[in-house]
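Worksheet: the structure to be examined is printed underneath.
Hydrogens, waters and symmetry mates play no part in the numbers below; they use all other heavy atoms, side chains included. A, B, ... follow the sequence lines: proteins, then strands. Residue 1 opens every chain.
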4 protein chains.
Amino acid sequence: MIDIAEKKRAAAAPTGRTRTGRPRDEAARAAILKAADTILEEKGIGGFTIEAVAARAGVAKTTIYRWWPSKGALAMAGFLAETAPKISYPNSGSALADLISQLRRVAAVYGGKTGRVLTAILAEGQRDPNTMAAFIEGYARPRREEAKAILCAGVERGELRAEIDLEVTLDALYGPIYYRLLVPLAPLDPEWAETMATHVFFGLLTSKPTSQH
Amino acid sequence: MIDIAEKKRAAAAPTGRTRTGRPRDEAARAAILKAADTILEEKGIGGFTIEAVAARAGVAKTTIYRWWPSKGALAMAGFLAETAPKISYPNSGSALADLISQLRRVAAVYGGKTGRVLTAILAEGQRDPNTMAAFIEGYARPRREEAKAILCAGVERGELRAEIDLEVTLDALYGPIYYRLLVPLAPLDPEWAETMATHVFFGLLTSKPTSQH
Amino acid sequence: MIDIAEKKRAAAAPTGRTRTGRPRDEAARAAILKAADTILEEKGIGGFTIEAVAARAGVAKTTIYRWWPSKGALAMAGFLAETAPKISYPNSGSALADLISQLRRVAAVYGGKTGRVLTAILAEGQRDPNTMAAFIEGYARPRREEAKAILCAGVERGELRAEIDLEVTLDALYGPIYYRLLVPLAPLDPEWAETMATHVFFGLLTSKPTSQH
Amino acid sequence: MIDIAEKKRAAAAPTGRTRTGRPRDEAARAAILKAADTILEEKGIGGFTIEAVAARAGVAKTTIYRWWPSKGALAMAGFLAETAPKISYPNSGSALADLISQLRRVAAVYGGKTGRVLTAILAEGQRDPNTMAAFIEGYARPRREEAKAILCAGVERGELRAEIDLEVTLDALYGPIYYRLLVPLAPLDPEWAETMATHVFFGLLTSKPTSQH
DNA sequence: ATGTAAACGAGACGGTACGTCCAGTCTTGAA
DNA sequence: TTCAAGACTGGACGTACCGTCTCGTTTACAT
């Protein structure tokens, strides 16, 4: 898990220098993350202000600014601490089954309160590159690596075609979920996710080509 | 093209009552839209403020508020007036070719300055439902309908499987583009778009199943 | 009377250009000055914050910042508008009588609520040269000129010695009053002021020297 | 010399109980007072913050707060320790000469860096009664007693009129100096101080009255 | 030698006010 | 009736210091 506070602490005590001064208040840290996440869930990004988080956490604004450099960083930290852990990967030995199961779960979670948090972070990320970077490195990329491992196994077992580009495949499977999350043309639910995955797995064409590309 | 101003004018002169008073300044209207779009392109959503638009357009803030109810509406109007017309649909008689060609073009356009405008609108749309609605009804839905028509034709010609769900298919083809637009894990370019489309069209599996679903 | 607002207005309409835009809200202006003065009287400089003045005047902070550049400028404006007009000059034909009468009145006024306002302004003036300059040009200097005129008349009538330096004389007569105001060794009251003035007028020495200096 | 630290130390060891624990760090104490005075001289009251003093003295904020209860107390302590000792009293046997000599010296010192420190203390004293009390008891009153002694001697020797009120006389002589210090209408220099003193000593009137008051 | 007690550095904490930026509304005179 | 100009209320921003607090460390005296 990535947390700017952790980084700061690490930076402050690089090797063996004994830490001095009043230690960080872990209760305040937890309250801030909890408050950040709750506000994001309840009010979305519109109501997510540092002042609101401080008030709800019962904490001074300065305490927040001491540890998180921006709104986006705080939102990310709240997301990672509170809601990100809810998604885990299955492992059944079948790439197709595992991925569909995982995509269903992701759709279900993103379709709920966690989705509101995510949209907020991504919206903030459009205006602040650091937030986007934190999201990518702290959340998106790690998840992709997990999913990539499943795809790899599927290819090795002969389940999936060897010619596929794994990165592109991940875009094809996860892209639609983010699309529905951010452009609410229709709700994001597990049934839709499974149908979408099935379309991508089986392709759209009537006949399988002998040679392709 | 949707423009609140048009609606307002229409509402103001419902049947035949002759309009009186100073007529709307079309030069101001054009300058505002142009300024909105330019700022969006240059500064992204962070620098897009009503005051900045007014200053750049050489127009009073009130003039903007008279015609557009919110920041998001103005961004949408600027987008529609200036950058949206750049994307058109081909028609070659082959669904696969037409869609790939279109996805390439969309990727190219979204990968440039227009993409910055779009991310700004979508970010704003996360906080303001009206902006999102305007985007969906004024831009996303119409484009989907065009694409859907191509898919339909493909099905009717036997090019595409009859069982596919057209809406889901559109999600599968367009989702990844929005994903790459909003989550910049990697750049958005035509080559990637074609590869992605190919993956979806041909599917990922090694063998075609006899019965599916 | 000096008022930054007046300067701004004057600067905005230098010659004949017709003023445009919403006119300044005079009620708000008056409420701000009144609130500033009241807070100064009641709480002294410690409680004099822009936020407190805004709250009491029922006005937005920005409205204050639009017209007064600093705390000190606002305090000065409040002082000039509300409490400065209370002191006027007598004119009886006798410099001694006039000055004593005036010094008594000044001591009485500075010994009351107005004195608290003055100490606040002078304290603020120690940290902000602009405040001090505004105080000197807008209040102190004009009063000195009035007093100087009386002294002049006294000299011309032969009441006062011709050799005296008028500026130094003013320091000698007014200095003790500011001293008692700012260094409260003892209260500031009219009796003391008259005694003090008498000492200065008549001198301290037992015998008049034939030649001096 | 008054120093809260002295008081505290005295209070901590009232009778005979031997003191235990780490002794006060005199180097830190000296560094703090030096830093306080230097900052007051260089930046005036505006730059005089506890944090700045601590940083300059290379000391923790807590060490300051342990010994001085407030900003004003610290400023006073710095003033007394560093700059106050610079003024001493002459003794020539002539009240007039001694006082003029002393007033010249005071004007010279207050016209320089020491003056900046004094204005800072007096400004702070307007907001904090304790600071003002410390200034009066620790500095102003003792100096007045010294000056009063000279005046007394002058009266006893028949140099000065017996009817004069000594307190009022002190106000008349020192008031103008504080006035020029705090209201910089003109610079504070020895020539002016002597002229002023001469005016007060000799009075302003053309003729000596037969009976007065 | 070893406690014990106070002083010290470091720095986190809850707060207050700052001065600024924009949002969105309102009021005027001119076109 | 629209427009330019610009004043208004109001909310949040990020910063600077305040005065308090909690630590781990240091220093000297008392045992």
Tell me the interatomic distance from [X], atom [atom1], to [N], atom [atom2], rounded to whole angstroms.
X      : N      : atom1 : atom2 : value
C:R56  : F:dT9  : CZ    : C1'   : 20 Å
D:K61  : F:dT22 : NZ    : C1'   : 14 Å
C:R127 : E:dC18 : CZ    : P     : 12 Å
C:D25  : E:dT28 : CG    : C1'   : 13 Å
C:W68  : E:dC18 : CH2   : P     : 15 Å
C:I64  : F:dA7  : CD1   : C1'   : 14 Å
B:R66  : E:dT27 : CZ    : P     : 14 Å
C:R22  : F:dA4  : CZ    : P     : 19 Å

Separation of D:I50 CD1 from D:T62 OG1 (nearest 0.5 Å): 11.5 Å
Residue whose nearest DNA chain F nucleotide is more 5′ - C:G58 or B:A28: B:A28
Is there a side-chain contact between [X] and [Y] in this structure, where contact means two heavy atoms from C-beta onward sitting under 4.5 Å apart?
X      : Y      : result
B:P69  : B:N130 : no
D:F135 : D:E124 : no
B:R116 : B:L40  : no
C:V59  : C:V53  : no
C:T63  : C:R66  : yes

Donor-acceptor contact below 3.5 Å, side chain D:K71 vs main chain D:F48: yes
Would you say a side-chain N or O of [X] is under 4.0 Å from OP1 or OP2 of [N]?
X     : N      : answer
A:R24 : E:dG11 : no
A:T63 : E:dG14 : yes
D:W67 : E:dC8  : yes

Toward the 5' end of DNA chain E, by each residue's nearest nucleotide, A:P23 or B:S70: A:P23
Touch class at under 4.0 angstrom, heavy-atom based, for B:K71 against every strand present: sugar-phosphate
Touch class at under 4.0 angstrom, heavy-atom based, for A:T62 against every strand present: base
DNA chain E contacts among residues 38-54 of chain B, heavy-atom distance under 4.0 Å: B:T49, B:I50, B:E51
